[in-house]
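See structure below.
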Amino acid sequence: MFKFEKHKIKTIANSNYIVKQINAEETHTVRHPVLRTGKPIESCIFNGDNLKSTIHLGIFIKDQLVGISSFFKNSNPNILEENQYQLRGMAILKSFQGKGLGNIILKQGEDLLKEKKIKILWCNAREVAIHFYKKNNYQIIGKPFNIKQIGIHYVMYKTL
């Protein structure tokens with residue numbers, strides 16, 4: 001398992017937040033209401049969640065987990081670079097969205113992957129998240145596609 005700084009404390013809008021590594025099960029408290037609304041809790045379990053190469057980060061405000069991101073060692077066949085990871089399950093609780101927390105947790109994950117010499121980070125971005133990823137210098141590759149019961153997605157990537 002990758003080591004992540006035990007606690008990284010910063011201040012945003014007069015609230016302290018901490019980004020730290022969490023386990024796969026902890027991600028479900030955010031994955032479920034944000035990404036799998038109305039679906040069984042089991043839909044929050046992703047293949048590879050418990051692999052040693054997988055990294056899960058959580059962002060906490062006053063000890064409440066409010067956002068998550070998971071990074072999986074996975075290759076996209078449309079990206080030639082061998083040294084790549086996939087971002088999956090990126091989510092911020094609705095009441096905490098729009099405060100910059102997604103940018104913070106994404107940047108922490110990117111920095112951690114850079115330290116591990118990972119060259120490319122890619123994701124299957126929901127249509128509603130395209131603007132967020134573009135602001136973070138991700139590019140679309142290929143054509144949009146539909147994930148059953150979830151919606152239209154685009155493959156987006158960034159060179160780290």
Side-chain angles (χ1 to χ4, degrees), residues 1-13 15-76 83-118 120-129 132-133 136 138 145-158 160:
M1 177 180 277
F2 290 112
K3 296 281 186 205
F4 186 71
E5 293 178 39
K6 184 149 173 101
H7 295 281
K8 189 146 192 155
I9 301 173
K10 295 183 182 180
T11 302
I12 189 168
S15 297
N16 286 331
Y17 68 82
I18 299 170
V19 176
K20 63 182 179 177
Q21 196 163 345
I22 60 175
N23 65 44
E25 292 75 29
E26 289 174 289
T27 67
H28 301 175
T29 60
V30 178
R31 275 185 193 169
H32 194 249
V34 178
L35 302 175
R36 298 294 189 261
T37 307
K39 295 182 177 25
I41 193 74
E42 295 78 26
S43 69
C44 295
I45 300 169
F46 296 168
N47 282 339
D49 261 343
N50 292 311
L51 294 176
K52 288 183 178 184
S53 58
T54 300
I55 305 163
H56 302 284
L57 298 181
I59 189 163
F60 295 78
I61 294 180
K62 297 181 182 171
D63 296 323
Q64 179 188 358
L65 180 61
V66 299
I68 51 105
S69 58
S70 298
F71 302 87
F72 295 78
K73 185 166 181 46
N74 193 14
S75 295
N76 184 299
N83 205 3
Q84 54 181 287
Y85 257 67
Q86 180 184 8
L87 168 63
R88 290 193 69 194
M90 171 96 183
I92 303 293
L93 291 175
K94 195 163 190 82
S95 60
F96 291 90
Q97 291 177 5
K99 301 179 186 314
L101 299 173
N103 295 319
I104 293 164
I105 198 168
L106 179 60
K107 177 83 167 85
Q108 292 290 344
E110 290 173 354
D111 289 348
L112 183 60
L113 292 173
K114 280 183 204 174
E115 289 174 19
K116 303 298 177 193
K117 309 293 187 230
I118 304 303
I120 297 284
L121 180 59
W122 66 276
C123 64
N124 292 326
R126 292 175 185 224
E127 209 166 22
V128 298
F132 168 79
Y133 288 110
N136 283 283
Y138 284 74
F145 60 96
N146 187 51
I147 295 180
K148 190 177 176 182
Q149 299 180 345
I150 298 174
I152 301 295
H153 285 67
Y154 294 79
V155 174
M156 297 188 79
Y157 75 98
K158 179 179 185 177
L160 301 178

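Since the structure is predicted, the reported quantities are computational estimates derived from the model, not experimental observations.
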note = Taken in chain and number order and not counting sequence neighbours, the residues that satisfy side chain to side chain donor-acceptor pair (under 3.5 Å) with Asn124 are none
Set of residues satisfying ring-ring contact (aromatic ring centres under 6.0 Å, His included) with respect to Tyr138, sequence neighbours excluded = Tyr133
key: Closest contact, heavy atoms only, Gly102 versus Met90   = O-CE, 3.1 Å
Side chain to side chain donor-acceptor pair (under 3.5 Å) against Asn103, all qualifying residues, sequence neighbours excluded = Asn136
task = Tell me, please, which residues at least two apart from Asn50 pass side chain to side chain donor-acceptor pair (under 3.5 Å).
result = none
remark   = Sorted by chain and residue number, the side chain to side chain donor-acceptor pair (under 3.5 Å) partners of Lys73 (sequence neighbours excluded) come out as none
task = Kindly compute the distance separating CG (Leu57) from CD1 (Ile104), expressed to the nearest 0.5 Å.
result = 12.5 Å
ask   = Side chain of Gln84, backbone of Trp122: donor and acceptor closer than 3.5 Å?
value = no
query = Can any side-chain N or O of Gln97 pair as donor or acceptor with the backbone N or O of Ile92 at less than 3.5 Å?
reply = yes
key: All pairs passing salt bridge (Lys or Arg N to Asp or Glu O under 4.0 Å) where residues 23-40 contributes a residue, at least two apart   = Arg31-Asp49
request  = For Ile152, enumerate each residue passing the side-chain contact (heavy atoms from CB on, under 4.5 Å) test, keeping only those at least two apart in sequence or located in another chain.
outcome  = Glu127, Pro144, Asn146, Tyr154
message = Could you report the tightest heavy-atom contact between Ser69 and Ile105, atom names first, then the distance?
response = OG-CG1, 3.5 Å
ask   = Among Leu113, Leu160, Ile118, which residue meets the side chain to side chain contact (heavy atoms under 4.5 Å, CB included) test with Asn83?
value = Ile118
